[in-house]
Amino acid sequence: MTEKEKAAESAQSVVFTDWIKSQADAWEEALKRTAQAWQAPLGAGPGAEEGKAPGPDEIAKSLLEFFQALASVAGLPEPREIQTAKSLPDLMLKVLQPFWMYAVKLEKQWAEMTGATATGEPENMAEVIKQMTKTFYEAQAEDFRKILHIPQLGINRYYQERFNKAVEKASDYQSALTEFIQLLMIPVEKAYYAVQEEIAKMEKEGKAAIKDSKALYQLWIQKLEDHYMALLRSDDYMNTLRETLNCLHDYRAARAEFFMDLLQNLPIPTNRDMDELYRDLHILKKRVKELERKVKHNGK
Amino acid sequence: MAPYAMAADLIMARVAGDTAKFHEQLRKAREVLMSPLDTEIAQTPYDVVWQEDRVKLKHYHARREPLLKTPLFIVYAQVNRETMLDLQPGRSVVETFLNAGLDIYMLDWGYPTRKDRFLNLDDHINGYIDGAVDFILETHGLDQLNIMAICQGGTMSVIYAALHPEKVKNLVLTVTPTNFDHDAGLLNVWARSLDPDKLVASYGNIPGDIMNLGFLLLNPARLMIDKYVGFLENIHNKDFVENFVRMERWIFDSPDLPGEAFREFIQWMFRENRLIKNELVIGGKKVDLKNITMPVLNIYGKYDHLVPPAACDQLTSKIGSTDKEDVCLDTGHIGIYVSSKTQRQFGPKIIHWLTERDEAPGPADGETKKSASRKKKAGATAEGE
């Protein structure tokens, strides 16, 4: 690992640690508030001392049975770990920790893959999500493709191959389409930040802030239009559009072949049959028209 | 990040402030939307006088003594419908012409079905357009007629006029793309880099919805968001709602495009720019722009995002006519036909231009010898029956 890579990794881990801490704080705060909100209805229940609502710890105790049952099913922390919880927020944090840590781990992996934590710029989220999805689809396609490409044997081998091809092309198309749609979302995010910057700039310059929502909207829609115009002319957009249309073509062609196999066993004409018929009809009509013209011309 | 939080608070505060007003508007909107709305389009009466396959020829009768000796044949694009020229009473190019005394024929391309997939540009130009022209000429006993064309219908009419100049007396082009080698519009940029062969192979005919999606993507901020925000802001206004719905009805009434004609148009026009370079061959004949010797009026919009001025303003320098005029109006692609401002300029300009180049029919020479003999013939046939 080079010094530069080490530095980048270090920067990533620092940013990421901060982020985990902020996430944990936010969760704890949210759970505390939730517990407080639960106190009133629970306090009004039968058995509660008049005028005194149970505290978070009491609520925790009453919920323990429920979480123990849940833990046994979902592979959560052992009940004895839960017993050590000092408050409802603590308890819930411990209960939810495996889920939460898994989500955090997943996000970290994706973020590392896309390099998002190194920049730390919120403006890149649409781009980050786009890259994440792309990586996901590519990884999935790589594994999936291997299965679809297992050599087929026997009398049905051609039919099975065509089916597999249709599935593969459908997956490719879905991936390309998702990427295309995500690309279209980037200007929305950029416009939002552009408006924020504009307002911050105005405030810094001592100019009056925008007075009404309509003016804010106008500013936003203008920024959005500008960003779309830039995107729609970009090579990135053109390449993605072209790729999406190519994938669409491949998918439709593969699907048509698969359906042809099905339709051949039914008393229904296939696409190919119909196209050939219409082509013949078209040529015949042209020939009749031409002959009519000649007859008319000779008649004169 | 601090300024961001402030701005978000500001936005939310303003939004909350507007909520009460919005609720009042919503109440009125409910009344408007639940009341009977007049959203019909294309209300001007017409007769279908000729038809071949799905393509029809509509005849609109002049509402007063004919102003021109020569009827006007209108050729619309295959994208969307010709009903745009007759959106509603008071906002109708057709109505303006009829009130002025023009006899109008308009081509309705109809809705292509799967069997139209193999129809190419030759079939549309030398087939349907020429068939309709022959019918009109025969009906009126004339050798020539006036053509007014719109957008892609204009491109096809330019080709037609170059291939059959003897049948066209005057040619009026409106927002007609003839030069495709520019980067002024997104449509050009996209069309040049797409593969029409694959699209046609995938779909056969190109679905109208796909075309519509493409047009919406030309400016998503305005066409997919701002437009509907504007609608919500005016939802309590009955006139506004009616006009808006009419426009929506027209915009999303999009026939599919015959596959082969689409493929040729994209390949030969957008990608190879053959027309303006005099390299186009249709039906085995070269389309020589120098053959266009009739008077030509070429109208286009300064702010047209689909067919920008760069797509229109070269034609008159390439054709053989000596009587030719370019008119650039301060409007966009559709505004040229529907905005009240351009309605005052657009229709009257065409009527005046045509009138200057046509002889008003006298009481005795309203019929030519040819038409008189044809009427006689028709009468004899009727008697014979």
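Since this is a predicted model, take the numbers as computed values, not measurements. Below, all heavy atoms of this structure are taken into account, side chains as well, without hydrogens, waters or symmetry copies. A note on names: the letters A, B, ... follow the listed sequences, proteins ahead of strands, and every chain is numbered from 1.
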J.: As an exercise, state the distance from CG of B:Leu186 to OH of A:Tyr228, rounded to the nearest 0.5 Å.
T.: 13.0 Å
J.: Between A:Arg242 and B:Ser193, what is the shortest heavy-atom contact and its length?
T.: NE-O, 3.1 Å
J.: Hey, which of A:Asn271, A:Leu277, A:Leu245 has the most heavy atom pairs under 4.5 Å with chain B?
T.: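 Looking at each of A:Asn271, A:Leu277, A:Leu245 in turn, A:Asn271 comes out on top.
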J.: So for atom OH, which belongs to B:Tyr228, do other residues, nucleotides or ligands contribute more than 12 heavy atoms lying within a distance under 6.0 Å?
T.: yes
J.: Less than 4.0 angstrom from a charged side-chain N to a carboxylate O is my criterion; do A:Lys286 and B:Asp122 meet it?
T.: yes
J.: In plain terms, say whether A:Asp275 and B:Arg114 are close enough for a salt bridge, that is, a side-chain N and a carboxylate O under 4.0 Å apart.
T.: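 Here A:Asp275 pairs with B:Arg114 in a salt bridge, since their nearest N and O are under 4.0 Å apart.
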J.: Output the distance between atom NE2 (A:His249) and atom CG (B:Asp197), rounded to the nearest 0.5 Å.
T.: 9.5 Å
J.: Are more than 12 heavy atoms from other residues, nucleotides or ligands located less than 6.0 Å from atom NZ of B:Lys56?
T.: no
J.: Would you call B:Asp123-A:Lys285 a salt bridge at under 4.0 Å N-O?
T.: no
J.: Need one label for A:Tyr237: side chain, backbone, both or neither, based on atoms under 4.5 Å from any heavy atom in chain B.
T.: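 For A:Tyr237, the contact with chain B is made by the side chain alone.
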J.: Measure from NZ or CZ of A:Arg252 to the centre of the six-membered ring of B:Tyr203, then state whether that distance is under 6.0 Å and the direction lies within 45° of the axis.
T.: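 Ring-cation test returns yes.
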J.: Using 0.5 Å steps for rounding, measure from the CZ atom of A:Arg233 to the CH2 atom of B:Trp190.
T.: 10.0 Å
J.: Evaluate whether atom NZ of A:Lys165 has more than 12 neighbouring non-hydrogen atoms of other residues, nucleotides or ligands under 6.0 angstrom away.
T.: no
J.: Under a 4.5 Å heavy-atom cutoff, which of A:Asn246, A:Leu281, A:Asp250 has the most pairs with chain B?
T.: A:Asn246
J.: Between A:Leu241 and chain B, with a heavy-atom cut-off of 4.5 Å, which part of the residue counts as in contact: side chain, backbone, both or neither?
T.: side chain
J.: Assess whether side chain to side chain contact (heavy atoms under 4.5 Å, CB included) is satisfied between B:Thr113 and A:Tyr278, documenting all intermediate values.
T.: CA-CA 11 Å; B:Thr113 60; A:Tyr278 285 136; over 6 Å; no
J.: Taking side chain as everything from C-beta outward and backbone as N, CA, C, O, which of these in B:Glu52 sits under 4.5 Å from a heavy atom of chain A? Side chain, backbone, both or neither.
T.: side chain
J.: So which residue, A:Leu224, A:Val188, A:Leu232, ends up with the most heavy-atom pairs under 4.5 Å with chain B?
T.: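 Max contact count across the listed options: A:Leu232.
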J.: Please classify the contact between B:Leu218 and chain A as side chain, backbone, both or neither, with a heavy-atom cut-off of under 4.5 Å.
T.: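 Interface part for B:Leu218: backbone (N, CA, C, O).
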J.: Answer yes or no: does atom OH of A:Tyr159 have more than 12 heavy-atom neighbours from other residues, nucleotides or ligands under 6.0 Å?
T.: no
J.: Tell me whether A:Arg279 contacts the main-chain N or O of B:Arg117 through its side chain, where contact means a donor paired with an acceptor under 3.5 Å.
T.: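 No, A:Arg279 side chain to B:Arg117 backbone: no donor-acceptor pair under 3.5 Å.
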J.: Can you tell me how far CZ of B:Arg222 sits from CD1 of A:Ile221, rounded to the nearest 0.5 angstrom?
T.: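 Nearest 0.5 Å value for the CD1-CZ distance: 6.0 Å.
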J.: Would B:Asp226 and A:Tyr217 count as having a side-chain donor-acceptor pair, cut-off 3.5 Å?
T.: yes
J.: Taking the six-membered ring of B:Tyr128, is NZ or CZ of A:Lys289 closer than 6.0 Å to its centre and within 45° of its axis?
T.: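 A:Lys289 over B:Tyr128 ring: yes.
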J.: If you tally heavy-atom pairs under 4.5 Å against chain A, which of B:Asp116, B:Val189, B:Leu119, B:Leu199 wins?
T.: B:Leu119
J.: Where on B:Asp53 is there a heavy atom nearer than 4.5 Å to chain A: the side chain, the backbone, both, or neither?
T.: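 For B:Asp53, the contact with chain A is made by the side chain alone.
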J.: Measure the spacing between CG of B:Asn219 and CD of A:Glu225 and express it to the nearest 0.5 Å.
T.: 4.5 Å
J.: For the candidates A:Lys204, A:Arg255, A:Gln222, which exhibits the highest count of non-hydrogen atom pairs separated by less than 4.5 Å from chain B?
T.: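 Going by pairs under 4.5 Å, I would pick A:Gln222.
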